Asker: 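This structure is in structure tokens; I'll ask about it shortly.
Counting convention: from 1, in listed order, for ligands and their atoms alike. Side chains included, hydrogens not; waters and symmetry mates left out as well; all remaining heavy atoms used. Keep in mind it's a predicted model, so treat the numbers as computed, not measured. Note that the numbering runs from 1 along the sequence shown for the chain.
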Amino acid sequence: MINHEIKIAFEEYNTFEELNDQDKHLCLEAVKALKGSHSPYSNFSVGAALRLKSGRVLYGSNQENAAYPSGLCAERVALFNWGANYADDPIEALAVTAHTAKFQISKPITPCGGCLQVLAEYEKKQEQPIRTILYCQGGAAWVTNGIESFLPFLFFEDRLVTVPV
Ligand code: THU
């Protein structure tokens, strides 16, 4: 038997002011994205903003549905828009934030496993890491330069895309 240990690392910025200007800007774009949230069931709004290499910003917000599983998280709304329409313009960074009137959010929200897996897929596709900034309004931000810190056991199988002979 062998015991394995995996270390994950991320940067924590205690206040918005500590972030660099590009990260600050993208966090504020994620806050703007909150406006598009359709979340009458959870009353929990999530906003996501992607900065592409060209400088274009793509927005996503959570979209809920009376048939609950038909909804989608903010991150995937933004990421699938990129995949469908802008995939030739690499994603440099993703910022995510959340808001609810029901309680005070005291730390950054971390994307669900499904969104992390989609993020992993597109990092592989574009062959460059996506800087990810998880931003709590009025609080801390957690930053990584790539998905592996958040999802070390991401699923990827190169042989699925090879044509069998
Ligand atoms: N949600 C997101 O949009 N992103 C996340 O990373 C976690 C959760 C949404 C899904 C649902 O609309 C609401 O937040 C409450 O779970």
Asker: Can you tell me which residue among S42, S39, S70 is in a side chain to side chain donor-acceptor pair (under 3.5 Å) with E64?
Answerer: S42

Asker: Which pair of heavy atoms, one from T100 and one from N43, lies closest together, and at what distance?
Answerer: OG1-O, 2.8 Å

Asker: Using a 4.0 Å cut-off to any heavy atom of C73, which atoms of ligand 1 qualify?
Answerer: 1 (N), 2 (C), 3 (O), 4 (N)

Asker: Between T132 (side chain) and I130 (backbone), is there a donor-acceptor pair under 3.5 Å?
Answerer: yes

Asker: Could you check whether any side-chain N or O of Q63 sits under 3.5 Å from a backbone N or O of V77, counting only pairs where one atom can act as donor and the other as acceptor?
Answerer: no

Asker: May I ask you to identify the nearest protein heavy atom to atom 9 (C) of ligand 1, giving residue, atom name and distance to one decimal place in Å?
Answerer: N62 ND2, 3.7 Å

Asker: Of all the atoms in ligand 1, which lie at a distance below 4.0 Å from a heavy atom belonging to S42?
Answerer: 13 (C), 15 (C)

Asker: Relative to atom 4 (N) of ligand 1, which among E64, E75, R76 owns the nearest non-hydrogen atom?
Answerer: E75

Asker: So if I count the atoms of ligand 1 from 1 in the order they appear, which ones are less than 4.0 Å from some heavy atom of F44?
Answerer: 14 (O)

Asker: Using ring centroids (six-membered ring only for Trp), state whether Y135 and F16 fall under 6.0 Å.
Answerer: yes

Asker: Considering the heavy atoms of C112, write down every atom of ligand 1 situated less than 4.0 Å from one of them.
Answerer: 6 (O)

Asker: Which of the atoms of ligand 1 are close to P111, meaning less than 4.0 Å from one of its heavy atoms?
Answerer: 6 (O)

Asker: Any donor and acceptor pair, going by atom type alone, linking the side chain of D89 with main-chain N or O of L52 inside 3.5 Å?
Answerer: no

Asker: Just need the protein heavy atom nearest to atom 3 (O) of ligand 1, so name the residue and atom and give the distance.
Answerer: A74 N, 2.9 Å

Asker: For the hydrophobic clusters of this structure (ILVMFWY residues joined by side-chain heavy atoms under 4.5 Å, transitively), does one cluster hold both F150 and V118?
Answerer: yes

Asker: Would you confirm whether any non-hydrogen atom of the protein falls under 4.0 Å from atom 16 (O) of ligand 1?
Answerer: no

